[in-house]
Amino acid sequence: MTAFFEKFLTKDSLFLDKKVLQANYTPNKILHREQEIEQIAHVLAPALRMEKSSNLFIYGKTGTGKTVCVKYITNNILEVASKNRIPLRIVYINCKLKRVADTEYRLIAQLATEFGKAIPATGLPTDEVYKIFFSALDSKEQVIILILDEIDQLAKKAGDAILYNLTRINEELKKAQLSIIGISNDLVFVDNLDPRVKSSLSEEEILFPPYNALQIQDILYERAKRAFKKDALGEGVIEKCAAYAAREHGDARRALELLRVAAEIAERKGLSKVSLNHIDEAEEKIERERILDAVQTQPKQFQAVLYSVLKLSEKNKPLIFTGEIYDFYKSLCDKINLRPLTQRRVSDVLAELDMLGIINAKVISKGRYGRTREITISTSHEITNKLKELLEKALEIS
DNA sequence: CGAGATTCATGTGAAGTATACCTTTAGGCTTAA
DNA sequence: AAGCCTAAAGGTATACTTCACATGAATCTCGTA
């Protein structure tokens with residue numbers, strides 16, 4: 001054991017600074033987004049004069065740099081603010097996180113917690129929580145910029161009334177000022193909003209177009225310079241990562257992750273260079289971990305339903321229907337001593353699993369033979385097998 | 001043969017229920033003057 | 001008399017159930033050519 005660690009220590013790493021490639025890293029130079037950054041900066045600048053800045057709505061596909069740009073700007077603005085003793089506060093919330101900010105109550109509770117007020121998970125009336133949040137907000141003169149990431153998820157689950165309430169809070173605040181930045185991956189999201197919400201939320205709008213392959217390459221080169229030691233990357237590695245990511249609507253986050261994981265794989269193998277086939281391995285690994293992770297954090301019932309789907313797909317059938325799943329699921333529940341949910345609920349569970357991208361579900365009509373969800377597994381065989389193992393363990397299936 | 005009607009299996013919306021948790025309040029007990 | 005603790009009462013959010021109705025194309029029915 002000691003020998004292993006000794007060797008680990010002396011073996012030199014491919015990385016110079018790994019965190020440069022990690023998802024939450026904010027670089028101090030963002031390429032190919034000069035215009036967007038300037039626009040955002042213009043919108044937010046009034047906050048420094050203690051004026052309310054316009055609400056801002058940012059949209060663009062995943063990995064187009066929305067979050068990074070916003071974080072970059074807010075970091076800068078915070079710096080200036082603290083230097084000049086301006087009471088500016090930035091709150092960032094990701095609305096997608098299940099059980100954190102995916103309902104009205106939980107979002108406001110989360111916000112209140114950000115302001116140092118502990119809110120129980122249940123029990124309080126929602127408007128009470130609003131009041132607590134409100135008084136925390138208005139307790140002193142300050143400007144607050146509230147960033148709601150993945151706001152489309154929130155509106156989809158919790159309705160847009162909550163957004164209306166938030167945009168209206170400002171009118172009642174006496175001392176503080178609140179501006180909202182909404183970030184959405186869904187390009188048509190605003191169009192489905194209540195017009196009142198729409199007009200107040202998107203006083204300013206900025207669209208982030210996808211990066212093209214060349215731009216992603218630039219970004220990768222820039223980061224790789226900091227992240228890796230010289231010559232750690234083989235010929236064409238960056239190009240390939242960029243190409244893969246460009247294929248997926250120019251997702252830079254994905255490209256970076258691909259590069260990092262590929263390097264980790266190479267390093268673990270004790271190689272001194274990352275080569276092209278590591279990228280393929282990395283892609284596989286990322287996909288696997290994304291799914292395994294998502295599944296692991298699901299409630300037991302969800303896992304049981306998913307397991308049923310997997311088991312049924314095993315029988316070499318390309319399409320599975322809700323009814324079969326429910327039957328299997330019920331007998332499964334019997335076996336593992338789980339109280340079965342109703343079909344109604346399972347229907348919703350399946351819809352949610354679809355949303356998570358773990359399965360593909362499509363509602364079809366089979367004419368005379370009724371209407372159902374047609375379900376397919378979207379992942380590769382290998383991952384499916386791993387999943388089954390994991391679920392068997394989690395559900396204690398012998 | 002083709003237009004409508006029918007049918008099936010389940011999707012989907014609304015309303016109700018169970019659970020877990022919160023605050024408030026009233027009563028009982030302890031404590032200190 | 002004041003202070004503290006506990007338990008009951010009254011209230012809420014959330015996950016789930018119950019009930020009832022909606023869907024939509026394959027299939028059936030029946031009038032017509």
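In what follows, chains carry the letters A, B, and so on, assigned in the order in which the sequence lines appear, proteins first and then strands, with residues in each chain numbered from 1. These numbers come from the heavy atoms of this one structure, side chains and all, not from hydrogens, waters or symmetry mates.
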Side-chain donor or acceptor of A:R368 under 3.5 Å from a matching atom on the base of C:dG24?
-> no

Taking C:dT17, B:dG11, C:dA13 as options, the one with an atom nearest any side-chain atom of A:S347 is B:dG11

A:Y326 OH to B:dG11 P: how many Å, rounded?
-> 12 Å

Taken to the nearest whole Å, NZ/A:K157 to P/C:dA13 is 15 Å

Could you label the plane-to-plane angle of the A:Y211 and A:H32 rings as parallel, tilted or perpendicular, counting under 30° as parallel and over 60° as perpendicular?
-> perpendicular

A:Y369 OH to C:dT23 C1': how many Å, rounded?
-> 18 Å

Can A:V100 be reached from A:I183 by stepping across I, L, V, M, F, W or Y side chains whose heavy atoms are under 4.5 Å apart?
-> no

To the nearest Å, give me how far apart CG (A:L341) and P (C:dT17) are.
-> 5 Å

Interatomic distance, A:I162 CD1 vs C:dA13 C1' [rounded to whole Å] = 13 Å

Between A:G367 and A:R373, just flag the one whose closest nucleotide in DNA chain B comes earlier from the 5' side.
-> A:G367

If we only count heavy atoms from C-beta on, is the A:R223 to A:L21 side-chain gap below 4.5 Å?
-> yes

Do the side chains of A:I90 and A:I77 get nearer than 4.5 Å, heavy atoms only?
-> yes

Quick one: is A:R344 getting a side-chain N or O under 4.0 Å of the B:dT10 phosphate, OP1 or OP2?
-> no

Mark yes or no for a side-chain to base donor-acceptor pair under 3.5 Å between A:R371 and C:dT23, with no hydrogen or angle criteria applied.
-> yes

Result for 5'-nearest mapping on DNA chain C, choosing between A:Q343 and A:S365, is A:Q343

For A:Y329 and B:dT10, what is the distance between atoms OH and P respectively, to the nearest whole Å?
-> 16 Å

In whole angstrom, give the distance that lies between atom CZ of A:R106 and atom P of C:dA15.
-> 5 Å

Counting any heavy atom closer than 4.0 Å, what does A:T342 reach on the DNA or RNA strands: base, sugar-phosphate only, or nothing?
-> base

Output the single nucleotide from C:dT23, B:dT12, B:dC22 whose closest atom is nearest the side chain of A:L124.
-> B:dC22

Ignoring backbone atoms, establish whether A:T122 has a side-chain N or O less than 4.0 Å from OP1 or OP2 of B:dT19.
-> no

What does A:T322 touch in the nucleic acid at a heavy-atom separation under 4.0 angstrom: a base, only the sugar-phosphate, or nothing?
-> sugar-phosphate

Candidates C:dT17, C:dT12, B:dT12 - which lies nearest the side chain of A:R339 = C:dT17

Separation of C:dG24 C1' from A:K366 NZ (nearest whole Å) | 13 Å

Do A:F15 and A:F228 have their ring centres less than 6.0 Å from each other?
-> yes

